[in-house]
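Following: one structure in C-alpha cells, then a few remarks.
Not measured: the values here are computed from a predicted model.
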Amino acid sequence: AIRLAHRALELDPGFGGAASLASVFHLNNFVFGYSTDPQFELEEAVRLSRLALRIDDGDPSTLARASLISAYVVRDSESALEMADRAVALNPNSFEAWGCRGWVYGAAGLPQEAVRSFERGIRMSPIDPAMFAGMGIALVELRRFDEAIVAGRKAQRHNPSHPLAYLSLASALTH
C-alpha cells in the first residue's frame, strides 16, 4: 500500500489523498511493529502528513488522517483535536473522520468523547474492527469493563487477525 501511494504521488504530486494515506500506513508500520526502522516510519508519517495538509488542508479525509499523526507522533493534542473536529464538521457522514476523531480524543485523555465518536462511526461502518477496538479501549479508560469486552469481541469477530482487536480485548479482560 505504501509503495502504491508513493507511486500515485510520483504520478500526481498534488494528490493529497495519497500522501495522507501513506502517512497513516507509515504510522501503522510503527504501531504494529512491522518496520525494521521505526524512526524512519515516524519521520515519513509526519513528512507525508504535512505534505498532504499543504496540498489540501480543507479535505476531511486529509484532516482526519493528519489528526492521527498529530496525536500519536507529533503529540500535539490541541492541533489533533482541532483537525479531527474540522474533519467531522466538513463531512459529518464520514466514518473515517469519526473513527479518527475517536482515536484522537482517546489519545487526548477524553474517553467519553472518544466513545461518542466511535458510536457515530460504527453506525456508518458497523463491521470496522478498528472502530470496535477503539471503542473498547475508551470504555476501559471509563472503567466500563463489561462493555469493553463486548466491543473487543466484536472487533475480533469482524477481523480475527486485527491486532487492535486483541489489544482491546486483552485490556478489558485483564481489568
*Any side-chain heavy atom of Phe40 sitting closer than 4.5 Å to one from His26?*
yes

*If Ile, Leu, Val, Met, Phe, Trp and Tyr residues are connected whenever their side-chain heavy atoms lie under 4.5 Å apart, and connections chain through other members, are Val31 and Leu68 in the same group?*
yes

*Is it the case that more than 12 heavy atoms not belonging to Arg50 sit under 6.0 Å from its CZ atom?*
no

*Considering only heavy atoms from C-beta outward, does the side chain of Leu48 approach that of His6 to under 4.5 Å?*
yes

_Non-hydrogen atoms of Pro163 and Tyr34 that approach each other most closely_ = CG-OH, 4.1 Å

*Locate the shortest heavy-atom distance separating Glu141 from Pro111; write the atom from each residue and the value.*
CB-CB, 3.7 Å

_CZ-CZ distance between Arg123 and Phe95, expressed to the nearest 0.5 angstrom_ = 15.0 Å

*Cation-pi check, Arg101 onto Tyr105 ring (under 6.0 Å, within 45° of axis)*: yes

*asked:* Rounded at 0.5 Å granularity, tell me how far CG in Leu139 sits from CD in Gln112.
replied: 8.5 Å

*For Leu167, does its backbone N or O pair with a side-chain atom of Ser171 as donor and acceptor, under 3.5 Å?*
no

*Taking atom CD of Glu78 as the centre, does the number of heavy atoms from other residues, nucleotides or ligands within less than 6.0 Å exceed 12?*
no

*Check Ala8 against Phe15 and note the closest heavy-atom contact, atom names and distance.*
CB-CD2, 4.0 Å

*Distance-minimising heavy-atom pair for Val115 and Ala138*: CG2-CB, 3.6 Å

*Within the side chain of Ser23, is there an N or O that forms a donor-acceptor pair under 3.5 Å with the backbone of Ser20?*
yes

*Just wondering, do Phe145 and Val140 contact through their side chains at under 4.5 Å, heavy atoms?*
yes

*Is Met131 reachable from Leu142 through a run of I, L, V, M, F, W or Y residues, each pair having side-chain heavy atoms under 4.5 Å apart?*
yes

*State plainly whether one hydrophobic cluster holds both Val46 and Ile2, where clusters connect Ile, Leu, Val, Met, Phe, Trp and Tyr through side-chain heavy atoms under 4.5 angstrom apart.*
no

*Is Leu9 reachable from Leu53 through a run of I, L, V, M, F, W or Y residues, each pair having side-chain heavy atoms under 4.5 Å apart?*
no

*How far apart are the C-alpha atoms of Val150 and Met135, what are their side-chain angles, what is the distance that settles it, and do they pass the side-chain contact (heavy atoms from CB on, under 4.5 Å) test?*
CA-CA 10 Å; Val150 170; Met135 171 80 83; over 6 Å; no

*Got Glu41 and Leu27 here, is their nearest side-chain heavy-atom distance under 4.5 Å?*
no

*Hydrophobic cluster identity match, Phe118 and Ile149, side-chain contacts under 4.5 Å*: no

*Do the side chains of Trp103 and Leu164 get nearer than 4.5 Å, heavy atoms only?*
yes

*Do side-chain atoms of Tyr166 reach the backbone of Pro160 as a donor and acceptor pair under 3.5 angstrom?*
yes

*asked:* Which label fits Phe32 and His162: parallel for a plane angle under 30°, tilted from 30 to 60°, or perpendicular past 60°?
replied: perpendicular

*Check for a donor-acceptor pair, side chain of Ser70 on one end and backbone N or O of Ser67 on the other, with a separation under 3.5 Å.*
no

_Working note: Arg116 + Glu119, criterion salt bridge (charged side-chain N to carboxylate O under 4.0 Å, His left out); need CA distance, chi angles, decisive distance, verdict._
CA-CA 5 Å; Arg116 192 176 83 73; Glu119 286 172 341; over 6 Å; no

_Close side-chain approach of Ile55 to Leu51, heavy-atom, < 4.5 Å_ = yes

_I'd like to know whether Trp98 forms a side-chain contact (heavy atoms from CB on, under 4.5 Å) with Ser117, so could you lay out the CA-CA distance, the side-chain angles of the two residues, the decisive distance to 0.1 Å, and finally the verdict._
CA-CA 5 Å; Trp98 283 105; Ser117 296; 3.9 Å; yes

*asked:* Which heavy atom of His158 sits nearest to which heavy atom of Ile127, and what is that distance?
replied: CB-O, 3.4 Å

*Minimal non-hydrogen separation, Leu63 against Ala87, with atom names*: CB-CB, 3.9 Å

*Would you mind reporting whether Gln156 and Ser168 have side-chain heavy atoms less than 4.5 Å apart?*
no

*Okay, side chain of Arg86, backbone of Asp57: is any donor-acceptor separation there less than 3.5 Å?*
yes

*Ile69/Arg65 under side-chain contact (heavy atoms from CB on, under 4.5 Å): CA gap, chis, key distance, verdict*: CA-CA 7 Å; Ile69 304 307; Arg65 295 170 192 149; 5.9 Å; no

